[in-house]
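Here's the structure, in structure tokens; my notes come after.
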Amino acid sequence: MTTSFPMNAGDDPYSYSKNSHLQREVLDGAKEMMKEVIIEHLDIKNMLSSSNKFCIIDLGCSIGPNTFNSMQHVVQVVKDKYHDNILEFQVFFNDHVNNDFNTLFRSLPIDRSYYPFGVPGSFHGRLLPSQSIHVAHCSSAIHWLSKTPKELLDEKSPSWNKGLIHYIGASNIEVMNAYVAQFEKDMEMFFNARAEEIVPGGMMVLISPQLSEHLLKFFGSSLMDLVNEGKLDEFLVNSFNVPVYFPSIEDMTKVVEKNDCFSIERIELTHPKSKLVDEADAKTLMINLRAVLEGLFINHFGSKIAKEAFTRTILKSDEISAWMKINYKKACQLFIALKRK
Ligand SMILES: C[S@@+](CC[C@H](N)C(=O)[O-])C[C@H]1O[C@@H](n2cnc3c(N)ncnc32)[C@H](O)[C@@H]1O
């Protein structure tokens, strides 16, 4: 079964549209590099034979507003590069079928310079016809696994992740191995699909933040507090594992090389400026993560426990802030630019 728990819908106080500052910083931190790789490596003269149609896809776009910002940036960079007003841009907004596409399309910027399309479905499979995309973009989404690795759900397996909700902090290496194996399987499908869809010479940029993985443990400790107070069955915590894996440079290089359809034009860990990290603004970060994870938590624990766990974690913001000041002083994210061979 595929995991698909969309970001909080609509535009209420806990919605993703109101709480995606972290992901916005990730995008802003990669904008200059995005521009450089397009200027240096994209060669549309060879790609657009008879048509002036230029197609971009945002994989895992959610409900905005970040996706509008990044798509307009890509359009502008391509326009500037070619000093061209002849190109017509199509932007495909992709996310799971249960993403709130209504909110997304209702809030499309009026002054956009592209034709928007919705593409529902998992990016771990085929989404579009062969050779139909010139630039694929994916920010703060590649780390979502298609499902929780099944070994983590077996109480008798060495991967049983007792008392934790993620691989960070797990003493048992099998837990991490299960996540890595699932990531590699998912990426095999992801790259096979993109290799079909992206034109030769086309580009794909993947941006992955490296902060949320360290913050997940605070939600885990709130859940364990509820267990210790007798309000939650420990089995429910042990059997819950957030299906996200944050890849390293080595992980990404391995999956790209295995696929063998893309050349790596640039891959690096960067430390962009981040107001949230510099100010150790744990409260905003935890509210952002609530907008991302609430659906997943509600599905496993029910609404009452999920809300209680989020409220308690957000109340621990001062403690989390103090932890960040010692352990997480600089923002860190992975940037990868690939070219279809
Ligand atoms: C944290 S949001 C990032 C949204 C946007 N890219 C941004 O930067 O604000 C991650 C998005 O990826 C989507 N996502 C996760 N796995 C996906 C998959 N297999 N196929 C399509 N979308 C996926 C989620 O539904 C979610 O909307």
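We number each residue from 1, following the sequence as shown. None of the values given here were measured: they were computed from a predicted structure. Note that ligands are numbered from 1 as they come in the structure, with each ligand's atoms numbered from 1 the same way.
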If you measure from the Lys or Arg side-chain nitrogens to the Asp or Glu carboxylate oxygens, is any gap between [X] and [Y] under 4.0 Å?
X    : Y    : answer
D278 : K273 : yes
D28  : K31  : yes
E40  : R266 : no
E188 : K258 : yes

ILVMFWY clustering at 4.5 Å (side-chain atoms), partners of I298: none
Of the backbone atoms (N, CA, C, O) and the side-chain heavy atoms from C-beta on, which set of [X] has a member under 4.0 Å from an atom of ligand 1: side chain, backbone, both, or neither?
X    : answer
C61  : backbone
W144 : side chain
S20  : neither
V26  : neither
M7   : side chain

Nearest heavy-atom neighbours spanning F123 and F190: O-CD1, 3.3 Å
From L232 atom CG to F301 atom CZ, the distance as rounded to the nearest 0.5 Å: 6.0 Å
Give the numbers and elements of all ligand 1 atoms closer than 4.0 Å to a heavy atom of [X].
X    : value
G121 : 20 (N), 21 (C)
N94  : 21 (C)
S62  : 4 (C), 27 (O)
H124 : 19 (N)

Assess [X] for proximity to ligand 1: is some non-hydrogen atom of it under 4.0 Å away?
X    : result
C138 : no
F5   : no
D95  : yes

Quick check: [X] and ligand 1, any N/O pair under 3.5 Å apart?
X    : value
S140 : no
T67  : no
A141 : no

Pair K231-E308, salt bridge (Lys or Arg N to Asp or Glu O under 4.0 Å): steps then yes or no: CA-CA 10 Å; K231 294 180 178 151; E308 177 77 27; 5.3 Å; no
Atom NZ of K304: over 12 foreign heavy atoms under 6.0 Å: no
Residues forming a ring-ring contact (aromatic ring centres under 6.0 Å, His included) with Y167, sequence neighbours excluded: Y179, Y245
Option of least heavy-atom distance to atom 2 (S) of ligand 1 (set: Y16, F93, F68): Y16
Heavy-atom nearest option to atom 14 (N) of ligand 1, drawn from Q23, M189, R24, H96: H96
From L296, V292, I168, L145, residue fulfilling side chain to side chain contact (heavy atoms under 4.5 Å, CB included) relative to V242: L296
